[in-house]
Protein chains: 2
Amino acid sequence: MANIKEIARMAGVSVTTVSRVLNNHPYVSETKRTAVLNTIEKLNYTRNMNAVHLITGRTHAIAVIIPNINIFYFSVIIEGLAQEALLAQYRLILCQTDYRHEEELKVLEMLRNKEIDGVVIVSTRMSSEVIDEYTAYGPIVICQDRGERRFSSVYIEHYSAFRSGLQYLHDKGYEQIGYCEGRQHGSSSSIRQIAFSDFLSATGQPFQEEWMMYNCMNEEDGGRVLHQLLKMKNRPNALIISGDHVAAGLIIEAWKNGIRIPEDLAVIGFDDQPIGRLLGLTTIDNQLPEMGVTAFRIIYDQIQNNDSHPVHRKLEYRIIERSTV
Amino acid sequence: MANIKEIARMAGVSVTTVSRVLNNHPYVSETKRTAVLNTIEKLNYTRNMNAVHLITGRTHAIAVIIPNINIFYFSVIIEGLAQEALLAQYRLILCQTDYRHEEELKVLEMLRNKEIDGVVIVSTRMSSEVIDEYTAYGPIVICQDRGERRFSSVYIEHYSAFRSGLQYLHDKGYEQIGYCEGRQHGSSSSIRQIAFSDFLSATGQPFQEEWMMYNCMNEEDGGRVLHQLLKMKNRPNALIISGDHVAAGLIIEAWKNGIRIPEDLAVIGFDDQPIGRLLGLTTIDNQLPEMGVTAFRIIYDQIQNNDSHPVHRKLEYRIIERSTV
DNA sequence: TTGTACGCGTTATCAG
DNA sequence: CTGATAACGCGTACAA
C-alpha cells in the first residue's frame, strides 16, 4: 500500500506538502494541491491511521463500560452515546464486561495504553479509589452519583427519585409496599435499598424481608414475581419496581391471573419505556437517553480542551402519572 | 511517559530484551526478565499500543455496523458479538449508523485505514458491489443472505422462514392473513414481502394493500396496528409480525380492547423474545444470539489465518408453538 | 541468549 | 508558500 512518501515523490512535492493537503492546512498552492490530490486518487492512497494516532497521541476513540448491552436501561444510554459519538466523528468501543473486575480494569488500561482518549463508565463494580488512579491518563465519566471525585459524573439522584416514588404511593394511600430490584448488590440498587428502609422507618412500617425481590431484569422476571406474590400469605398492595420491562411483565401476568391493577395491586416503575406507555404504567422517568448524550459531551469537552477538571451533572427525574397507581 | 528505550537503559539491557519480556518470548534469562519487570514496575511503564498497531499492522479491533442499538433484534446480536470479542480479547467498535450510507462507508474506510482488522455488518443499505470493493482490505461478514460474494455471511433464510410461518397459519385454517413489518425497504423486509405475495399467489388469495403494515419497531407500534385493524371494514383473522416486541404490543392492546387471541385474531411473531414467552406468543426463533457469536468467530478465524475465503453459514429457524395461533 | 540498527507512516518543527 | 529532518514508540531481521 502506498504511503505518503510515495505520493510525495510521484506528485513532485515534499511529504510535508502532502500532509498539509491531507489535513486541509492553508498555505498550499492550488497547483500542488491538485497534483497531490490526483496522485492520491491514482494510487488509491489512504492514510494509515495508526501512524496518525502514534504521532498525535490521540485516537478519537472512547470506550464505554457496561455489564450487558441487552438490558434496556443500558441500551438506551448507549444509543444516546453512540449518536453523539457519530456526530463528533468519534469511535465508540463497547466493552460488555458483565461486572467482571478484571475486564473492567482492562478498559481503564486501554486509556493508559493510549488506545483510547477517554472512558465512560455506565455501571461498574469498581471502587472510586481504583478509578481515581486512572484519571491521570485521560478523562473518565461515570453515570453514577459518586460525589466529589477526580473523575466526572452524570447522574440522577436515585435516593431521592426512589423516595419520591414511595411517597407517591404513600400519598395515594398504599401502605403495604413491596420492592423489585435488578441486582441485589449494585451501587444504585444499594442506594435504593437504603431509601426503602429509610422510608419504612419514616412511616413507621416494619421491614418485610419477603417483600424485597431481586434479580429482576426482564419481563419474564416480572411474571415470576407475580407468582411469588400469589404464594404469600401477607401480600403487599403496591409495588415499586426498578425497570419498566419488569413492571410490564408483572402487570401482564397479573391480568392473566385476574389480579386487578391498581385495585388489587398498584405498580410504579422506572425509566419510562415504550411498553410501559402502552400499558399505562405509572413510572419515574430517569432521562436515560439524556444521560448517554451528556456523558459523551462531557468526555468530548474534556478531550478537546485537555481539561481534566471533574464535572458533575445532575439530571432531573419526574413522575409520569398514568393508571397503575 | 517512559518508553521501551528508557526501560532498557535503566534495566541495563537492550530494547529487544524488553520487547521480548513484554511479549512473553522465550530466550530471555530469568535474571534479565526480572530486572526488566522490576524497572517496568518502578517507572509505571505501559506500552503505547498505537506504536504496536503501527508496526504490526493489526489493531485487534473490529467494527460492527447497525442502524440502532436500541432495537431488540440488534442488541441481541451485539450481545453475542461482544461476548465473543471479550473472550478473544478483541475490541468491538459500535457504529450506529441509522442506515446512513455516508456513515456506513466511513466504517469500511476504517478497514482501509488500518484502524480495524475486520467489519461485521448486521444490517445495511449498502449494495454488495460497494462492499465487494473493500474485501481487499480485510475480512467482512454480513448478517444477511447475500449469496456467493467476496465477503462472508451468516444468515437465516428469511424467505423460507416467513413462508413457514404463513404455511403454519394456513394449516391452522387461517385464510385472511395480514402482515406487520419494520422498515418497508429493508433487505430482509423485501425478501419477506416477496415471500408474502408468493404465498398469496400459491393459495390463490388476493393481495390486500391495507393488510400490509409498516414501520413497526416496538410495542407501541404494535398497539397502533391494533387500532388500524379495528378501523378496517374487512379485517384479517391472522397476523404475521416481524418482531416479538411488536406482536406483544398488539396482543396487549387486543386484550385491552376485548379482542380475543387467537379466536378473533391469531398472531405469530419472530425472534423469540422474553416478552413473547410471557405472553404465550407463537413465534419463529431466528437464533439471534447465535448469529452474533458466529459472525465474530468467522471474522476472527479469517483474521488469524489471514484467509479471506468467504464463508457462508446458514442458521436454522424453528417455529415455537405456543398459544396465539 | 543478547544487542544493533532499521522500518512502520505520519505529523511537528524550523529554517528558508 | 515549501521542504528537510526529527520525532512518535515499538517489533524484528540479522549479527554476534
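Below, all heavy atoms of this structure are taken into account, side chains as well, without hydrogens, waters or symmetry copies. Computed from a prediction, not measured in an experiment: that's the story for all the values here.
Look at B:Tyr45 and you'll find a side-chain N or O under 4.0 angstrom from OP1 or OP2 of D:dC10. Taking side-chain N and O atoms only, A:Lys114 has no distance below 4.0 Å to OP1 or OP2 of D:dC8. Residue A:Asn3 has a polar side-chain atom (N or O) positioned under 4.0 Å from OP1 or OP2 of C:dG9.
Regarding A:Lys5, its NZ atom lies at a distance of 12 Å from the C1' atom of D:dA4, rounded to whole Å. When the P atom of C:dT1 is taken as reference, atom OH of B:Tyr27 falls 7 Å away, rounded to whole Å. With rounding to whole Å, B:Arg33 atom CZ is found 13 Å from C:dT2 atom C1'. The interatomic distance linking B:Met49 (CE) with D:dC10 (C1') rounds to 10 Å, in whole Å. Rounded to an integer number of Å, the gap from A:Glu6 CD to C:dT10 P is 11 Å. A:Glu30 has its CD atom 10 Å from the P atom of D:dT2, to the nearest Å. The distance between atom CG of B:Asn113 and atom C1' of C:dG9, rounded to the nearest whole Å, is 12 Å. Between the P atom of D:dG3 and the CZ atom of A:Arg9 lies a distance of 15 Å, rounded to the nearest Å.
Under the 6.0 Å distance and 45° angle rule, A:Arg112 does not count as a cation-pi partner of B:Tyr45.
Residues passing the salt bridge (charged side-chain N to carboxylate O under 4.0 Å, His left out) test with B:Glu6, sequence neighbours excluded: none.
Salt bridge annotation for A:Arg125-A:Glu104: absent, with no cationic side-chain nitrogen under 4.0 angstrom from a carboxylate oxygen. Ion pairing between a basic and an acidic side chain is recognised when a charged N comes within 4.0 Å of a carboxylate O; A:Arg47 and B:Glu109 show no such pairing.
Judged purely by atom type and a 3.5 angstrom limit, B:Ser189 uses its side chain to pair as donor or acceptor with the backbone of B:Arg183.
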request  = Any chance you could list the contact pattern along nucleotides 11-16 of chain D? Use B for base contacts, S for sugar-phosphate-only contacts and - for none, protein heavy atoms under 4.0 Å, 5' to 3'.
outcome  = SB----

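Which of D:dT2, C:dG9, C:dT1 sits closest to the side chain of B:Leu54 comes down to C:dG9.
Screening B:Arg100, B:Lys106, B:His101 against B:Glu103 for a side-chain hydrogen bond (donor to acceptor under 3.5 Å, both in side chains) leaves a single residue, B:Lys106.
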message = Using salt bridge (charged side-chain N to carboxylate O under 4.0 Å, His left out), reason through A:Arg150 and A:Glu133 one step at a time and then give a plain yes or no.
response = CA-CA 9 Å; A:Arg150 298 220 297 273; A:Glu133 283 175 30; over 6 Å; no

